[in-house]
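Scroll down for the structure; my scribbles are underneath it.
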Amino acid sequence: MLPPKSGKARQRRDRFARTWLLRAALTASLPILILGTCARAEEASENQVKAAYLFNFAKSAQWPSALLAEGTAPLIIGVFGGDDEFVDILKGMVAEKSIGSHPIAVKHVNAGDDLTRCQMIFFRASERRATRAAIASLNSVNFLLVGEEPAFLRDGGMINLILNNGRIQFEISHDALDRSAIQFSSKFLSLAKANNGSSNQQIDTPRQVRIRIPPEYPSIAKRMNLEGSVQLEATVGRDGSVKGVRVLGGHPLLAEALTRAVMRWKFEPAARDSTELVKYSFVPEQPEQ
């Protein structure tokens, strides 16, 4: 008869099983993975869900050849600070995974280490004081910078993992991604939670929106406690792409944010060009109790 498993052995077995299930989900599309991992957050640990997100960010990115040239050199994900447990989970998540011909490697780094050997860096919340200086020391257009701390995007980060109503989601800085040599599809961007604010959206049009990217609430508007509605008129081509936007009303700061987002939208194709009316209400988020 086999001896009973110890508590630590059961924990390792359970963690391995959850990691295996998440890795299996990685073969699906990013939207399916996000919905699946968030809905089953009670079964997968926070670290495992974050590790799954990191893999998908690396997989979804459009890496320029200058950063990920031909050959089999690894794509290195650096974990800046934090404990070894997360690093081990991430290593297990990406084991034997690759981006094209490039195997994925994980490296635990700290302040003072050479971060330029990494293509992607995940800044742990425990390293908040060192994060801004580390980002400032990098030519950030050549790195994918991911964090998990409320001020991360304001410090120059690109993608931030957040806990929202018990679910892990991600928010993005459009400005930082626009400056980056690393690009993402509109479909990927549409999955991001609108950061720094909440909104109420209305679209007065029979033409369906296929890809809808939320506007980024301007940080200066948040500091001013600025809120209100914006109304736009979007000219949409037959292929569904937005050809131009005209502001009909709203504060200029909020109108600019909405204009930049709507220009990335994708409508259903139609027989001819059309004009669509978009209304959007910006409301600053209230701090969680």
Side-chain angles (χ1 to χ4, degrees), residues 11-12 15 18-19 22-23 26 37-38 41 44-61 63 67-68 73-95 97 99 102-164 166-173 175-177 179-180 182 192-193 195-196 219 288:
Q11 289 176 2
R12 286 195 299 270
R15 190 174 76 178
R18 290 192 296 266
T19 301
L22 282 173
R23 286 187 63 194
L26 294 176
T37 53
C38 290
S45 72
E46 181 176 325
N47 280 343
Q48 289 170 320
V49 175
K50 288 181 176 180
Y53 267 103
L54 292 181
F55 172 79
N56 271 278
F57 294 154
K59 183 179 178 181
S60 301
W63 297 94
L67 303 183
L68 209 57
L75 184 152
I76 300 176
I77 301 176
V79 179
F80 189 84
D83 54 30
D84 290 332
E85 180 184 358
F86 178 81
V87 175
D88 291 340
I89 290 174
L90 181 57
K91 285 181 177 179
M93 184 71 65
V94 302
K97 297 288 183 179
I99 305 296
H102 303 274
I104 302 176
V106 177
K107 183 178 178 62
H108 200 178
V109 295
N110 293 285
D113 290 343
D114 182 9
L115 304 182
T116 62
R117 299 182 62 185
C118 307
Q119 284 77 33
M120 175 176 168
I121 306 170
F122 179 47
F123 293 86
R124 302 310 310 272
S126 60
E127 310 303 311
R128 177 180 179 181
R129 292 185 178 181
T131 294
R132 179 179 294 182
I135 292 176
S137 70
L138 296 168
N139 177 7
S140 58
V141 299
N142 293 327
F143 304 92
L144 182 56
L145 307 178
V146 184
E148 58 175 354
E149 196 272 325
F152 183 71
L153 298 184
R154 294 195 298 272
D155 289 341
M158 298 174 180
I159 303 176
N160 194 39
L161 296 175
I162 55 173
L163 189 63
N164 184 45
R167 294 184 175 185
I168 298 174
Q169 296 177 295
F170 71 98
E171 57 185 4
I172 61 176
S173 168
D175 287 340
L177 287 175
R179 293 191 299 268
S180 174
I182 304 163
K193 178 183 181 294
N195 63 303
N196 299 329
S219 57
E288 294 185 3

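Hydrogens, waters and symmetry mates are skipped; everything else that's a heavy atom, side chains included, is used.
Remark: side-chain polar atoms of Asn47 are not paired, donor with acceptor, to backbone N or O of Lys50 under 3.5 angstrom. Asp114 places a side-chain N or O within 3.5 Å of a backbone atom of Thr116 that can act as its donor or acceptor partner. No donor-acceptor distance shorter than 3.5 angstrom exists from the side chain of Ser60 to the backbone of Phe57, with no hydrogens or angles considered.
With contacts defined as side-chain heavy-atom distances shorter than 4.5 Å, the pair Asn56/Leu54 does not qualify. Put simply, the side chain of Phe80 does not reach to within 4.5 Å of the side chain of Ile135, judged on heavy atoms. Looking at heavy atoms from C-beta onward, Leu144 lies in side-chain contact with Met158 at the 4.5 angstrom threshold. Using a 4.5 Å cut-off on side-chain heavy atoms (C-beta onward), Ile159 and Leu145 make no contact.
The nearest pair of heavy atoms linking Gly157 to Ser173 is O-CB, 3.6 Å. The minimum heavy-atom distance linking Ile182 with Ala61 is given by the pair CG2-CB, 3.7 Å. Nearest heavy-atom pair across Ala130 and Ala111 is CB-CB, 4.4 Å. Contact record, Trp63 with Ile99: CD1-CG2, 4.3 Å, taken as the closest heavy-atom pair.
Considering CG of Asn142 and SG of Cys118, their distance stands at 13.0 Å, rounded to 0.5 Å. Annotation: the span from Ile89 atom CD1 to Gln48 atom CD amounts to 5.0 Å, rounded to 0.5 Å. Remark: Ser180 OG to Leu67 CG distance equals 8.0 Å, nearest 0.5 Å.
Annotation: side-chain hydrogen bond (donor to acceptor under 3.5 Å, both in side chains) contacts involving residues 102-111, sequence neighbours excluded, comprise Asp84-His108.
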Criterion side chain to side chain contact (heavy atoms under 4.5 Å, CB included) on Ile168 and Ile162, from CA distance to verdict:
CA-CA 6 Å; Ile168 298 174; Ile162 55 173; over 6 Å; no

Would you sort out whether Phe170 and Asn160 count as a side chain to side chain contact (heavy atoms under 4.5 Å, CB included), showing the intermediate values?
CA-CA 5 Å; Phe170 71 98; Asn160 194 39; over 6 Å; no

Intermediate values then yes/no, side chain to side chain contact (heavy atoms under 4.5 Å, CB included), Val79 and Val106
CA-CA 7 Å; Val79 179; Val106 177; 4.1 Å; yes

Take Ile77 and Leu75 through the side chain to side chain contact (heavy atoms under 4.5 Å, CB included) test and state the conclusion after the steps.
CA-CA 7 Å; Ile77 301 176; Leu75 184 152; 4.0 Å; yes

Show me, pair by pair, the donor-acceptor contacts under 3.5 angstrom made by side chains of residues 119-127, not counting sequence neighbours?
| from | atom 1 | to | atom 2 | distance (Å) |
| --- | --- | --- | --- | --- |
| Gln119 | OE1 | Ile76 | N | 2.6 |
| Arg124 | NE | Glu148 | OE2 | 2.6 |
| Arg124 | NH2 | Glu148 | OE2 | 3.3 |

